[in-house]
Amino acid sequence: MTAKYAIILAAGQGTRMKSKLYKVLHPVCGKAMVDHVLTQLEQDNLDEIVTIIGHGADKVQETLGTRTKYALQAEQLGTGHAVLQAEDILGDKEGMTLITCGDTPLFTAETFAKLFEHHEQTGAKATVLTAKTDAPFGYGRVVRDSHDEVEKIVEQKDATPQEQAINEINTGVYCFDNQALFKALHEVTNDNAQGEYYLPDVIEILKNAGEVVSAYCMDDFEESMGVNDRVALAKATEIMQRRINEKHMRNGVTLVDPKATYIDVDVVIGQDTVIEPGVVLKGNTVIGSDCVIGAHSQLNDALLADGITVKASYLEKAQMAKNSNIGPYSHLRPEAQIGEGVHIGNFVEVKKAQIGKNTKVGHLTYVGDATLGQEINVGCGTVFVNYDGQNKHHTTVGDYSFIGSGSNIIAPVEIADHAYVAAGSTITEDVASRAMAIARGRQVNKAGYYDRYPVAKAAAETEEKNKS
Ligand code: UD1
Ligand code: CA
């Protein structure tokens with residue numbers, strides 16, 4: 001079998017993005033563009049992948065890690081010059097080399113595979129992947145001769161008006177005979193409008209040397225889209241999002257309004273889960289089967305088992321066990337672990353806390369740095385006071401206990417199982433099993449005191465008015 005290699009061009013700055021972030025690192029549906037490219041290539045069983053880095057080299061390496069080899073292009077003198085930097089790694093190898101850009105995130109592994117196949121079948125030394133579009137502006141145009149054979153590729157800035165009218169474009173993806181590629185690259189000059197060493201010039205060089213050069217026109221222009229500015233970034237995101245959403249729907253997930261549903265590429269969702277409009281699912285979020293993710297919820301790296309309902313809530317790096325529910329308007333922060341059957345109601349914040357099976361935290365409560373057992377009822381307006389201004393402290397509440405509304409539980413403190421905290425208590429000491437803790441001032445009623453206050457006068461006036 002012929003050996004297969006790939007080169008990803010990712011050394012450019014991406015000036016047209018007008019960004020501090022290097023172009024190929026801009027995310028599309030939660031993954032850097034260049035990572036999308038690598039992820040697809042990884043599915044093609046290649047012998048070696050080399051990424052050309054320059055601008056933001058460290059950051060690109062950090063993003064892609066050891067999944068690819070790297071060659072540094074210290075100065076960005078053009079795409080042809082970029083490929084030449086891989087010569088030390090690939091130059092003497094026999095086989096086929098696919099080249100693609102780090103700013104074309106929509107190409108699929110299947111398309112790359114088809115290009116390899118076409119290239120091998122035609123026995124060409126170079127095959128350029130092309131596409132047809134009514135809006136070719138900005139792309140290199142594919143010039144064909146009278147026999148419809150590829151002659152050369154002309155960049156936008158070098159194209160004559162007739163060439164600009166050509167609607168077949170260079171997608172920026174090619175397959176080459178590896179050795180022919182590196183030989184021809186040495187012949188590329190920078191005699192053009194941009195003063196750059198253009199990779200596409202290799203096509204003409206090989207053609208003039210009498211080699212077979214071929215073009216493989218793909219059906220879907222959309223897939224070949226290159227991202228040079230933020231307008232294109234949004235367009236690519238829209239296309240990628242549609243693809244992701246269709247995949248989930250085909251897998252048995254209901255998206256009530258797919259156009260208003262934003263799901264990152266690595267999110268996993270189980271069957272018969274319903275996702276309502278305005279939902280954002282990010283990062284490595286995993287959602288089980290039979291869940292309902294209600295309108296305007298956002299989940300970042302959240303882990304949800306089956307049968308969970310989330311209503312208009314925000315979850316980050318949190319976990320929920322089966323048949324639990326949350327919301328509306330609650331917030332799970334990192335290391336929140338919500339147990340099976342737990343009810344988290346509205347306006348509740350949970351951080352770094354485990355909440356045991358069937359426990360209820362219904363309203364207006366903060367649970368931070370705490371371990372709650374099962375079957376506990378936490379009353380409305382309870383605050384787990386975990387911070388003394390310098391350190392965080394931990395609270396434990398045992399099974400079947402009851403925390404009355406409006407309580408402050410000042411950590412560090414332990415409330416045993418089957419304990420009862422009276423409403424409005426400020427708990428600073430441990431509570432034993434089967435005990436009742438009450439920690440608040442006793443009520444004093446002072447007869448007639450109402451009339452001492454301005455409210456009495458105002459009320460009298462209102463009463464008078466209501467009579468007439
Ligand atoms: C390039 C092609 C054009 C094609 C289009 C498809 C050339 C000269 N033109 O144009 O024919 O239609 O892609 O999207 O190749 N890069 C480097 N080092 C450099 C220059 C660029 O690594 O010195 C990288 C960039 O990071 C980028 C890729 O090469 O990922 C393409 O460069 P870009 O400047 O975006 O080329 P286009 O103008 O889009
Ligand atoms: Ca580009």
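Whatever order the structure lists ligands and atoms in, that order sets their numbers, starting from 1. Keep in mind it's a predicted model, so treat the numbers as computed, not measured.
- Atom 31 (C) of ligand 1 has C101 SG, 3.7 Å as its closest protein atom, hydrogens excluded (heavy atom only).
- Using cut-offs of 30° and 60° for the angle between ring planes, the Y329 and F347 rings count as parallel.
- A donor atom on one side chain and an acceptor atom on the other are not found under 3.5 Å apart for H36 and Q40.
- Heavy atoms of A11 found under 4.0 angstrom from ligand 1 belong to the backbone as well as the side chain.
- From the protein, the heavy atom lying nearest to atom 5 (C) of ligand 1 is N170 O, 4.0 Å.
- The distance from ligand 1 to the heavy atoms of G140 drops below 4.0 Å at these ligand atoms: 3 (C), 4 (C), 11 (O), 12 (O).
- In this structure, atom 23 (O) of ligand 1 lies nearest to the protein heavy atom G78 N, 2.8 Å.
- Contact atoms of ligand 1 toward N228: 35 (O), 39 (O) (distance under 4.0 Å to a heavy atom of the residue).
- Put simply, no part of M225 is less than 4.0 Å from ligand 1, judged by heavy atoms.
- Residue G102 approaches ligand 1 through these ligand atoms, each under 4.0 Å from one of its heavy atoms: 30 (O).
- Look at D103 and K23 and you find a salt bridge, because one of the NZ, NE, NH1 or NH2 atoms lies within 4.0 Å of a carboxylate O, short of that distance.
- E149 is listed as a side-chain neighbour of K207, based on a closest heavy-atom distance under 4.5 Å.
- Between the side chains of Q179 and D177, not a single donor N or O lies within less than 3.5 Å of an accepting N or O.
- We find that E42 and R67 are joined by a salt bridge, their nearest charged nitrogen and carboxylate oxygen being less than 4.0 Å apart.
- Each of T111, T104, T171 was scored for a side-chain hydrogen bond (donor to acceptor under 3.5 Å, both in side chains) with E223, with one residue passing: T111.
- Ranking protein heavy atoms by distance to atom 32 (O) of ligand 1, first place goes to T79 CG2, 4.0 Å.
- Screening R242, K247, R243, Q241 for a side-chain hydrogen bond (donor to acceptor under 3.5 Å, both in side chains) with N245, the sole residue that qualifies is Q241.
- With respect to the salt-bridge test (charged N to carboxylate O, under 4.0 angstrom), the residues D229 and K18 do not qualify.
- Under a 4.0 Å heavy-atom criterion, R16 is in contact with ligand 1.
- What sits closest to atom 10 (O) of ligand 1 on the protein, heavy atoms only, is E155 OE1, 4.0 Å.
- Closest heavy-atom contact between R333 and A318: O-CB, 3.9 Å.
- Close approach of ligand 1 to A82 is summarised as follows: ligand atoms under 4.0 Å from at least one heavy atom of the residue are 17 (C), 18 (N), 22 (O).
- Salt bridge annotation for K31-D266: present, with a cationic side-chain nitrogen under 4.0 angstrom from a carboxylate oxygen.
- Under 4.0 Å is where a charged nitrogen must lie from a carboxylate oxygen, and between E155 and R141 no such pair does.
- Between K93 and E87, no side-chain nitrogen of the basic residue sits less than 4.0 Å from a carboxylate oxygen of the acidic one, so the salt-bridge criterion is not met.
- With waters left out, the protein N, O or S atoms under 3.0 Å from the Ca ion (ligand 2) add up to 2.
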Under the side chain to side chain contact (heavy atoms under 4.5 Å, CB included) criterion, do T395 and D369 qualify, and how do the steps go? CA-CA 7 Å; T395 295; D369 298 285; over 6 Å; no
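- If you look at A10 next to ligand 1, the close heavy atoms, those under 4.0 Å, all belong to the backbone.
- Note that atom 18 (N) of ligand 1 has protein non-hydrogen atoms nearby, at separations under 4.0 angstrom.
- Backbone and side-chain nitrogen or oxygen atoms of G138 are examined, and none is located within less than 3.5 angstrom of a nitrogen or oxygen of ligand 1.
- Taking a 4.0 Å cut-off on heavy atoms, T171 registers as neighbouring ligand 1.
- Taking distance alone, with nitrogen or oxygen atoms compared against 3.5 Å, Q73 approaches ligand 1 more closely than that limit.
- In this structure, atom 7 (C) of ligand 1 is in close contact with the protein, since a protein heavy atom lies within 4.0 Å of it.
- Taking only nitrogen or oxygen atoms, main chain and side chain alike, G12 reaches within less than 3.5 Å of ligand 1.
- Side-chain rings of Y216 and Y174 stay apart, their centers remaining 6.0 Å or farther from each other.
- The residues K4 and D44 are annotated as not salt-bridged, no charged nitrogen and carboxylate oxygen being separated by less than 4.0 angstrom.
- At a 4.0 Å cut-off, not a single heavy atom of I52 sits close enough to ligand 1 to count as contact.
- One finds a salt bridge joining K69 and E48 here, because a Lys/Arg side-chain nitrogen approaches an Asp/Glu carboxylate oxygen to under 4.0 Å.
- In Q156, neither the side chain nor the backbone holds a heavy atom less than 4.0 Å from any atom of ligand 1.
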Determine, stepwise, if the pair K282 / L299 fulfils side chain to side chain contact (heavy atoms under 4.5 Å, CB included). CA-CA 6 Å; K282 291 189 155 199; L299 278 62; over 6 Å; no
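- Note: an N/O pair closer than 3.5 Å links K23 and ligand 1 by distance alone.
- Among L9, D103, T51, the residue whose heavy atom sits closest to atom 35 (O) of ligand 1 is D103.
- With a 4.0 Å cut-off on non-hydrogen atoms, L77 touches ligand 1 through its backbone and not its side chain.
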